[in-house]
Amino acid sequence: MSELFALNGKNAVVTGGAQGIGEAIVLGLRDAGARVFICDINPEVGNATAERHGVEFVAADVTDSASVEAAFEHVATTAGSLDVAVNNAGIVHNHPSEDLADEDWRRVLSVNLDGVFYCCRAAGRRMLGQGSGSIINTGSMSGHISNHPQPQSAYNTAKAGVIHLTKSLAGEWADRGVRVNSVSPGYVGTEMTKRGMSNEEWRRVWLGDTPMKRVAEPREIAPAVVFLASDASSYCTGTDLVVDGGYTVW
Ligand code: NAD
């Protein structure tokens, strides 16, 4: 069984891999045998994380399609192929919708949805050319439910878009060897949730509404990505794998 989950000889890129969930995914893929490239907008943290874990770094801003193309081309040419792309970079913005500024709506959609499309397209072009590959997008339970008490309509909308984009591309590319799936975490202890967890009301509601009564550690998300990256999931495409401590059952 362990052979099915092995990624030996596979080349992988993880956007937003400098920290948080992305960093844990980098470790998971590396430990499964892949050659891993962290792709992140932050070169300081990205390079330091890459050095710490013995992987490589390439800079890109996922909102800039030319920068994504250049980074994915770098991975494919340096490593010889691009076999696994984890499109994970994301941001959140909490603001009441009636006062949400145009630029804040656009910024969240731009990173969380446009960015995922640019990365899927860049990965897809290379994977379709070689006739194989696995793309895993980081969705969120927010693509299924709308979080409370914090307002975040742009984020929730973008994540619902990521899940449906995943299904759309899965259908287009399934008979050409490229699988496209998503992983949708519930609350995870990272920089993104730090502010919310230090707000007494948000913390009480978040934990109270999670059947397991805790947030995930980033390393609890990575195995789902390794599964979808590997041959263990050879018949999965268009799947959204929810890893949320039970949040969406209530
Ligand atoms: P994080 O803030 O710790 O890490 C995000 C990473 O993305 C950072 O390294 C950042 O530099 C990078 N990034 C941001 N904008 C970028 C851009 N334009 N181009 C390239 N890189 C960029 O966040 P996290 O909690 O690890 O979140 C990772 C993913 O998981 C996001 O897509 C997020 O929406 C999703 N997610 C997080 C949670 C949670 O509770 N933390 C829950 C569900 C889904």
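Throughout, numbering of the chain's residues begins at 1 and tracks the sequence. Each ligand, and each atom within it, is numbered from 1 in the order the structure gives.
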Structural part of [X] in contact with ligand 1, heavy atom criterion under 4.0 angstrom:
| X | value |
| --- | --- |
| Met141 | neither |
| Cys39 | neither |
| Val62 | both |
| Val188 | both |

Provide, to 0.1 Å, the distance between [atom] and the closest protein heavy atom, together with that atom's residue and name.
| atom | answer |
| --- | --- |
| atom 41 (N) of ligand 1 | Thr190 OG1, 3.2 Å |
| atom 30 (O) of ligand 1 | Thr138 CG2, 3.3 Å |
| atom 1 (P) of ligand 1 | Gln19 NE2, 3.3 Å |
| atom 21 (N) of ligand 1 | Ile41 N, 3.3 Å |
| atom 7 (O) of ligand 1 | Gly16 CA, 3.4 Å |
| atom 34 (O) of ligand 1 | Tyr155 OH, 2.6 Å |
| atom 11 (O) of ligand 1 | Asp40 OD1, 2.6 Å |

query: With only distance considered, is Asn112 within less than 3.5 Å of ligand 1 through an N or O on each side?
result: no

Is ligand 1 less than 4.0 angstrom away from at least one heavy atom of [X]?
| X | value |
| --- | --- |
| Gly139 | yes |
| Gly115 | no |
| Gly186 | yes |
| Thr193 | yes |

Thinking salt bridges, do [X] and [Y] make one under a 4.0 Å N-O criterion?
| X | Y | value |
| --- | --- | --- |
| Glu220 | Arg214 | yes |
| Arg219 | Glu23 | no |
| Glu69 | Arg126 | yes |
| Asp114 | Arg106 | yes |

Nearest-option assignment for [atom], heavy atoms, candidates [options]:
| atom | options | result |
| --- | --- | --- |
| atom 5 (C) of ligand 1 | Gly189, Ala158, Gly90 | Gly90 |
| atom 29 (C) of ligand 1 | Ile221, Asp64, Asn88 | Asn88 |
| atom 14 (C) of ligand 1 | Val68, Ile91, Ile21 | Ile91 |

query: Same cluster for Val86 and Leu169 if Ile/Leu/Val/Met/Phe/Trp/Tyr side chains link at under 4.5 Å?
result: no

message: So, applying side-chain contact (heavy atoms from CB on, under 4.5 Å) with Val225, which one of Val14, Leu241, Ile25 is it?
response: Ile25

Phe227 and Phe5 aromatic ring geometry - parallel, tilted or perpendicular at 30°/60° bounds: tilted

- prompt: If you measure from CE on Met127 to CZ on Arg179, what distance do you get to the nearest 0.5 Å?
  reply: 10.0 Å

- prompt: To the nearest 0.5 Å, what is the distance between OG (Ser233) and CG (Leu4)?
  reply: 9.5 Å

Quick check on contacts: which atoms of ligand 1 are under 4.0 angstrom from a heavy atom of [X]?
| X | answer |
| --- | --- |
| Ala18 | 9 (O) |
| Gly20 | 3 (O), 26 (O) |
| Tyr187 | 40 (O) |
| Ala60 | 19 (N), 20 (C) |
| Ser140 | 43 (C), 44 (C) |
| Asp61 | 17 (C), 18 (N), 19 (N) |

query: Taking side chain as C-beta onward, heavy atoms only, is Pro218 less than 4.5 Å from Thr190?
result: yes

Would one find more than 12 heavy atoms of other residues, nucleotides or ligands at under 6.0 Å from atom [atom1] of [X]?
| X | atom1 | result |
| --- | --- | --- |
| Asp99 | CG | yes |
| His74 | NE2 | yes |
| Arg107 | CZ | yes |
| Glu51 | CD | no |

- line: What one should report as the nearest heavy-atom pair of Ala18 and Thr49 is O-OG1, 2.7 Å

